[in-house]
Amino acid sequence: MKKTDELRQKLSYSRKNFWNEASAKEQKVALNFSDGYKDFLDECKTERESIDYYVNELAKQGYKEIEKAKKAKKVFRISRNKNAGIAIIGKKPISEGVNLIVSHIDAPRVDLKQNPLHQDDSTTLGMMKTHYYGGIKKYQWMSTPLALHGTFIKKDGQTVKITIGEDEKDPVFVMPDLLPHLARKVQYTKKIGEAIDAGKMNLVFNSIPYPKDKETKDSVKLNALILLNEKYDIIEEDFLSAEIEIVPAGKARDAGIDRSLVLGYGQDDRICAYTSACALFDAKEKLEKTAIVYLADKEEIGSDGNTGAKSIFIIDFIADLLKHNGEAFDSSTLRKTLINSQVLSADVNAGINPNFPSVHEKENAVHIGFGVSVTKFTGSGGKGGSNDANAEFNSKIIDIYNKENVCWQTGALGKVDEGGGGTIAKFMAEHGSEVIDCGPGVLGMHSLYELTSKADIYSSYKAYKAFFENA
Ligand code: MN
Ligand code: MN
């Protein structure tokens, strides 16, 4: 090797393409790892479905509800069917600090309004009114097949779960966009963010009137209610309290001729939920420190609400872990436990989009296929609203990844002043823990079809496992 090459290799940082670095065997493992992930994405299109998935999975893996198993080392708690804490008790006292990975299982979507069903005057079609959830580009949701996933709580307290539009034999739904021929004034004169008004995001629900009632003005709506009542035993009032989410219909797919990528809905942030839970399940026996996977809800609307990361849930769970482990669990011990703890805020980052490279700064942005991103800070403007991880902790994480042969890269969200965004990191940091953002890059984030690299999915899993085992 020439001296200059030697010096370059010794002194410079350059991110590494996983597919160049990994052995043939590891590449195969990475490609196969995504099969289970795609199944997970198909089964879990809402936060409730993600929790249902883990209730089953945790039973299979031998985890016990914390209240119900006094001596168990693998325990969990589900809260309000929407968030969860899953833990393996380590050898060291919990009060010396836990290693926690937090991700979120809600995703941007469109909800039904509480009183959604109406019959449109201009067409007589049965329609559902909607209210979007999280940061979506509204135009992306028009004229694309959609499915309904949700939960009704009937008057007698019975829960009715529905999924319509995922089975090949199911009907799907659509919010019809305007044809280009007539869009000149109504849409083309507007800014892209204003071209679709939220009030125009109505879902076509049905079109046949109730046969015996041809004359009344709501006979199509009535027919919809009759069909819903026959199939699910619900009445219109049951919608008022229900949570019905509209998501893209269909399954996650391999993408690219080499099948190196995954295209699917809700990868922000179920990619980190899945990989962190797999990392916990696969972690070596007898971890030094207690390891926790925290699956949070409500991140996409600011982590508020009693199932969001700002709620007391995770702190209460850690307090109960102290108690469960026979340790003091008074307020002071709990505070110290949190301060001694280390957290990975496992959320996706924006990969450089080849169609829009100008919003990224390539030295500091996430490159798809170059491994999991270690992100020191998020936020917007002058790092506003950012956790900004400490150099000591940042360096510790990088050191672990290097030793454990994890393909990782540094990655910031976008150019300074280009926009911005935040994660759960700052809410976890409020309690004094060391926190850093760490997750894979995504193209088309918050769109109906997010694109990720199988190299990065696998590298995230490897990074999270290395964290639990070594941090
Ligand atoms: Mn996210
Ligand atoms: Mn998001």
Side-chain angles (χ1 to χ4, degrees), residues 37-50 106-113 116-120 123-151 161-181 183 187 192 195-208 220-221 223-224 227-228 231-232 239 242-256 261-268 270-271 300 442-452:
Y37 172 57
K38 282 181 289 171
D39 292 342
F40 172 77
L41 288 178
D42 295 342
E43 211 175 307
C44 306
K45 288 199 174 177
T46 69
E47 61 282 17
R48 285 177 186 269
E49 288 169 358
S50 307
D106 64 321
R109 61 178 192 252
V110 178
D111 289 336
L112 287 189
K113 280 188 175 173
L117 187 59
H118 64 287
Q119 183 166 325
D120 178 63
T123 60
T124 74
L125 288 169
M127 304 293 291
M128 290 283 193
K129 290 176 189 279
T130 71
H131 192 148
Y132 65 96
Y133 171 100
I136 63 164
K137 289 166 118 178
K138 294 177 205 126
Y139 68 86
Q140 294 179 335
W141 289 76
M142 307 301 282
S143 290
T144 185
L146 299 166
L148 294 181
H149 292 235
T151 302
K161 292 181 187 177
I162 64 157
T163 310
I164 315 171
E166 299 296 350
D167 190 286
E168 274 173 28
K169 292 181 187 127
D170 279 357
V172 291
F173 305 93
V174 71
M175 302 188 286
D177 198 0
L178 182 59
L179 67 169
H181 316 62
Q187 289 183 328
I192 195 165
I196 300 292
D197 182 84
K200 293 193 166 43
M201 297 178 73
N202 296 305
L203 195 79
V204 176
F205 196 66
N206 70 320
S207 66
I208 302 177
V220 175
K221 176 184 168 181
N223 209 20
L227 292 171
L228 287 165
K231 181 127 203 228
Y232 304 106
F239 274 101
E243 292 178 348
I244 312 296
E245 306 181 9
I246 301 166
V247 297
K251 293 184 187 311
R253 310 277 297 265
D254 283 344
L261 306 152
V262 172
L263 186 77
Y265 166 72
Q267 299 200 66
D268 171 11
R270 294 188 191 113
I271 193 169
E300 297 294 357
V442 174
L443 298 192
M445 196 196 295
H446 285 204
S447 74
L448 285 76
Y449 305 101
E450 297 174 321
L451 188 69
T452 56

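Residues take their numbers from the sequence shown, with the count starting at 1.
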Report all side-chain donor-acceptor pairs from residues 127-138 shorter than 3.5 Å, counting only partners two or more places apart or in another chain.
residue : atom : partner : partner atom : Å
Thr130  : OG1  : Met201  : O            : 2.5
Tyr133  : OH   : Asp106  : OD2          : 2.6

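- Remark: the Gln267 side chain and the Thr452 side chain contain an N/O donor-acceptor pair separated by less than 3.5 Å.
- Taking the six-membered ring where the residue is Trp, the centroids of Tyr449 and Tyr265 are separated by 6.0 Å or more.
- Residues Leu263 and Ala255 share a closest heavy-atom pair of CB-CB, 4.1 Å.
- With rounding to the nearest 0.5 Å, the separation of CG in Leu443 from CD in Glu450 is 10.0 Å.
- Under a 4.0 Å N-O distance rule, the pair Arg109/Glu47 qualifies as a salt bridge.
- A salt bridge links Glu243 to Arg48: one of the charged nitrogens lies within less than 4.0 Å of a carboxylate oxygen.
- Judged by distance alone, with hydrogens and angles left aside, the side-chain atoms of Asp268 form no donor-acceptor pair with the main-chain N or O of His446 at under 3.5 Å.
- Separation of atoms CD (Glu245) and CG (Leu146) is listed at 13.0 Å; rounding is to 0.5 Å.
- Between atom CG of residue Asp120 and atom CZ of residue Phe205 there is a gap of 15.5 Å, rounded to the nearest 0.5 Å.
- Residues Glu166 and His149 bring a donor and an acceptor atom of their side chains to less than 3.5 Å of each other.
- Separation of atoms CG (Leu125) and CG (Asn202) is listed at 11.0 Å; rounding is to 0.5 Å.
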